[in-house]
Amino acid sequence: MENSSIRYIFFVMFSIFFTIVSISSAASSHGEVEDEHEFNYKKNDEKGPERWGKLKSEWEMCGKGDIQSPIDLMNERVNTVSHLGRLNRDYRPSNATLKNRGHDIMLKFEDGAGSIKMNGFQYELQQLHWHSPSEHTINGRRFALELHMVHEGKKGRMAVVTVLYKIGRADTFIRSLEKELEAITNMEEAEKNVGMIDPKQIKIGSRKYYRYIGSLTTPPCTQNVTWSVVRKVRTVTRKQVRLLRVAVHDGANSNARPVQPINKRVVHLYRPMV
Ligand SMILES: *[C@@H]1O[C@H](CO)[C@@H](O)[C@H](O)[C@H]1NC(C)=O
Ligand SMILES: *[C@@H]1O[C@H](CO)[C@@H](O)[C@H](O)[C@H]1NC(C)=O
């Protein structure tokens, strides 16, 4: 073989090798992560909120359910009542783990973190997580952040207690987790044990809350979830909102499902009798 053709063969082999190396490294830094996401929050995307119900048969409620969440809590539509009773939170410290679920950051309570009583039922606190911007809106206004405290009762009954936040002073509960959030942002692993966390440290600051029956706001969008959205909007810093979002590593800047039709539902606003 001539010298020049040997050189040519080497050149071709080298180019092929180099192409394979660069394709596989690109796949592990972007492609794979993207493909792992089963759903996303992009408008008009094949995996976006308008199509969640079509992605899997178990997710059909996301598309055809008629009591879906979140909703807009419009003041002129709410029915003010005093019979629902205060949110009776009976929480206690529990060993907890921060988990990156690919679309949000969840704080999972590993052993009993206590419970809340409503409608005569007891619901155990399982986990909490954040959405930004908020999913529920009040009179069409969206806020910077929304906390979901997810509770489960007997027979799979679900109850979510929600706090909305606008930009302002720091939230002390998130502040207590900032170091751990920074740590999972910089880590390859998706979870980190954070020791004993006391859910009583989550400030609510109001007895008033909106109550309605809706669904989970992520697939499978299971219905018949009792929602209690605290009336008072609390505050969080821009940096805290960013910290919660960046830790997810999903390259998205939002994880809020658009508001869903109210249909025939009634929204109550609980106000204690004076
Ligand atoms: C919490 O759980 C983790 C792992 O399950 C364990 O290693 C740790 O010791 C526990 N911490 C406390 C305070 O119980
Ligand atoms: C919906 O939830 C309420 C109370 O949480 C329960 O009494 C009722 O049986 C549930 N309905 C369905 C269809 O699951």
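We count ligands from 1, going down the list as the structure has it; atoms in each ligand are counted the same way.
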- Query: With a cut-off of under 6.0 Å to the ring centre and 45° to the axis, is Arg157 in cation-pi contact with Phe121?
  - Reply: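 So Arg157 does make the cation-pi contact.
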- Message: Tell me which pairs pass disulfide bond (SG atoms under 2.5 Å apart) where either residue lies in residues 69-148, with sequence neighbours left out.
- Response: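 Sorted pair list comes back empty.
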Report all N/O contacts between ligand 1 and the protein shorter than 3.5 Å as a table of atom names and distances to 0.1 Å; if there are none, say 'none'.
unit_1: ligand 1; atom_1: 2 (O); unit_2: Asn95; atom_2: ND2; d: 2.4
unit_1: ligand 1; atom_1: 2 (O); unit_2: Asn193; atom_2: ND2; d: 3.4
unit_1: ligand 1; atom_1: 11 (N); unit_2: Asn95; atom_2: ND2; d: 3.0
unit_1: ligand 1; atom_1: 14 (O); unit_2: Asn95; atom_2: ND2; d: 3.4

- Item | Smallest separation among heavy atoms of Asn255 and Trp130, with atom names |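 Smallest interatomic distance, heavy atoms only, reads ND2-O, 3.4 Å.
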- For residues 54-83, pull every pair meeting ring-ring contact (aromatic ring centres under 6.0 Å, His included), keeping only residues two or more places apart or in separate chains.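 For residues 54-83: Phe39-Trp59.
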- Query: OG/Ser228 to NE2/His151 distance, rounded to the nearest 0.5 angstrom?
  - Reply: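 Separation between the atoms: 8.5 Å.
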- Item | Counterpart residues, side chain to side chain donor-acceptor pair (under 3.5 Å), relative to Lys203 (two or more places apart) |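 With neighbours one apart ignored, the set is Thr172.
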